[in-house]
Number of protein chains: 2
Amino acid sequence: MTHITNARLLFNSVPKDYPVPGETTVYDTTETIDLESQSLNGGFLVKTLVLSIDPYMRGRMRGPDADSYIPAFALGKPITGFGIGVVLRSENTAVPVGAHIYGLDFCHQEYFVLPDISGFKFLERDPGLPWSVYVGAAGMPGQTAYAGWKEYAHAKPGETAFITTGAGPVGSMVVQLAKRDGLKVIASAGSDEKVKFMRDIGADVAFNYKTTNTAEVLAREGPIDIYWDNVGGDVLDAALDHAAVYARFLECGMISGYNTGHQGIKNLHQVYTKSLTISGVAILRLAQYDAEFFAEVPRALVSGILKYLEDVSYGLDSVGDALLAVQTGANKGKAVVVVAEE
Amino acid sequence: MTHITNARLLFNSVPKDYPVPGETTVYDTTETIDLESQSLNGGFLVKTLVLSIDPYMRGRMRGPDADSYIPAFALGKPITGFGIGVVLRSENTAVPVGAHIYGLDFCHQEYFVLPDISGFKFLERDPGLPWSVYVGAAGMPGQTAYAGWKEYAHAKPGETAFITTGAGPVGSMVVQLAKRDGLKVIASAGSDEKVKFMRDIGADVAFNYKTTNTAEVLAREGPIDIYWDNVGGDVLDAALDHAAVYARFLECGMISGYNTGHQGIKNLHQVYTKSLTISGVAILRLAQYDAEFFAEVPRALVSGILKYLEDVSYGLDSVGDALLAVQTGANKGKAVVVVAEE
């Protein structure tokens with residue numbers, strides 16, 4: 001019997017504002033596992049390969065009482081999120097050894113046992129892409145962009161779209177979909193490096209919102225027909241002010257409020273003065289685009305027709321820093337933690 | 001030559017908050033007119049019969065610099081709004097004497113000359129309805145309710161709708177359309193008398209928002225699948241909190257902010273957590289429902305299948321008070337000023 005460390009990342013305390021590595025979450029190495037003899041009880045043993053670090057996870061770092069569309073993390077237990085693992089041993093005939101599984105409730109621990117595949121799905125990888133891309137441009141963020149755009153943008157060639165967090169995994173996919181549809185694209189992000197990437201993927205107007213006034217850019221380059229919102233707050237208010245009649249607003253997230261509270265939106269009356277439509281984009285309710293997405297996007301990422309940017313860190317002990325980085329915007333592309341190679 | 005007074009209501013000053021009768025608008029009797037000899041220059045002479053007093057008019061009481069979807073009233077000139085008049089004399093062969101005209105840019109003056117019919121349309125009256133109804137349930141407010149509901153509500157029998165200003169000309173029509181479509185209707189207004197009217201027209205749950213907490217009603221009677229918003233502010237925030245997944249929000253107005261400024265909306269993040277759709281309802285952009293509306297609604301109002309409530313005052317000198325009343329909610333039904341009988 002060879003017991004090895006089975007590290008995990010525990011949810012330790014509800015953050016007051018931004019999540020603090022080592023305090024909000026704690027990297028814990030007290031558990032061990034014997035990979036050969038660990039009892040499976042008819043289930044299967046998973047080795048964690050890749051974990052996705054996403055902005056929405058801040059919403060799960062709350063007390064158990066607050067109501068939301070997605071459950072709170074359990075205090076004292078490992079956090080969960082999108083992830084990919086490989087099956088090491090199996091007593092479940094439906095789950096072969098060597099299969100890769102993917103799901104939203106992936107445990108932040110190096111190894112764990114699952115009773116069955118429910119809540120997860122099998123994943124196959126294109127040889128031209130690393131697994132990490134399957135939690136990014138070829139995974140949930142890419143799907144969010146793809147399905148949201150197809151369902152709600154109603155894009156027409158020649159229109160103008162404004163896309164926030166345009167260098168992130170959702171925003172950068174939206175930038176490329178909008179350019180493919182023949183739109184003028186205005187895109188914002190929080191560093192000059194990200195601005196360069198947005199230009200590289202085709203944004204006509206790319207700017208650093210920390211050094212350039214968003215409202216002034218929209219006044220000059222707008223009005224906007226489509227707004228992809230990942231930030232909320234003042235930027236949403238500016239977009240409402242500079243929207244064209246009949247503009248479509250796709251609300252995907254409001255990271256400006258995740259850590260310090262949502263600021264009131266003051267210009268929502270523009271909805272009726274301009275006949276706007278505001279739609280919420282939630283990928284878990286847009287499964288009708290899954291087949292089309294997987295048939296098209298991974299191939300386009302391999303060929304380079306669609307581009308992506310990753311910010312990869314290594315080891316479960318780097319998750320706490322990555323969780324903070326995606327809240328402050330310090331990450332440079334899709335935040336992914338590679339826990340282990342195969 | 002017999003000169004008679006040709007009274008008018010002038011826009012006198014931009015209000016700080018609520019419009020003040022005699023200050024924001026001034027009733028002016030300095031002009032006279034000779035109805036027989038007034039030169040028409042190829043146009044026609046109109047006698048004003050009915051003027052519509054509507055909440056949106058507050059938005060036009062501003063300085064000429066502020067940008068909006070609808071022009072500001074001109075300082076020192078008569079205000080304008082929806083109105084109905086009869087043609088007394090005409091040199092325009094397309095406009096017969098005795099015809100009735102209706103339009104948005106109707107001058108708040110007893111008599112005026114128009115060059116042609118552009119911007120107005122001819123109106124015929126069902127003998128069972130007074131002209132006043134054609135600026136209310138059979139006019140713009142009724143059309144707003146009808147077209148907005150048909151275009152954006154996507155109502156399904158058994159769903160729950162929450163309708164604000166449910167005793168007003170828009171809200172009361174929406175209440176009745178929602179009941180006709182088989183929905184459970186929650187409706188709010190600002191007096192017990194209005195609550196009684198909302199019950200009379202079929203609201204399942206009717207309450208006075210001044211004495212009953214809106215969020216508590218929605219927590220008990222919701223979640224809501226459709227929200228018809230005429231008020232904005234805290235009530236919109238409560239509706240966002242108590243919306244069902246896939247709920248539709250129809251934003252028709254936000255009177256809570258017209259006089260004292262729009263308050264920030266804090267719960268807009270519910271748009272993506274619940275996959276909501278928010279649509280702006282602007283009747284001037286929903287003309288595709290006009291024919292259907294006029295074929296159906298006036299007849300239903302005559303027969304009593306659809307009900308309406310009017311708050312009629314008489315004389316152009318009562319417009320100032322009526323303008324204030326629709327902002328404070330003191331009006332008891334659709335505010336109409338009858339300037340003259342035929």
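Naming: A, B, ... by sequence-line order, numbering from 1 per chain.
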Tyr56(B) portion near chain A, given a 4.5 angstrom heavy-atom threshold
neither
Does any heavy atom of chain B fall under 4.5 Å from the side chain of Phe249(A), the backbone, both, or neither of them?
neither
Count the heavy-atom pairs under 4.5 Å between each of Val281(B), Leu284(B), Ile265(B), Leu286(B) and chain A, then report the option with the highest count.
Ile265(B)
Could you please state which residues from residues 269-277 of chain A sit under 4.5 angstrom from chain B, measuring non-hydrogen atom to non-hydrogen atom, sorted by number, or 'none'?
His269(A), Val271(A), Tyr272(A), Thr273(A), Lys274(A), Ser275(A), Leu276(A), Thr277(A)
Of the listed residues (Cys252(A), Gly257(A), Gly59(A), Ala282(A)), which shares the most heavy-atom pairs with chain B below a 4.5 Å separation?
Cys252(A)
Could you tell me which non-hydrogen atom of Arg285(A) sits nearest to which non-hydrogen atom of Val245(B), and how far apart they are?
NE-CG1, 3.5 Å
For Lys266(A), I'd like to know if atom NZ has over 12 heavy atoms of other residues, nucleotides or ligands within 6.0 Å.
no
side-chain contact (heavy atoms from CB on, under 4.5 Å) between His262(A) and Leu268(B), worked out
CA-CA 9 Å; His262(A) 289 291; Leu268(B) 201 60; over 6 Å; no
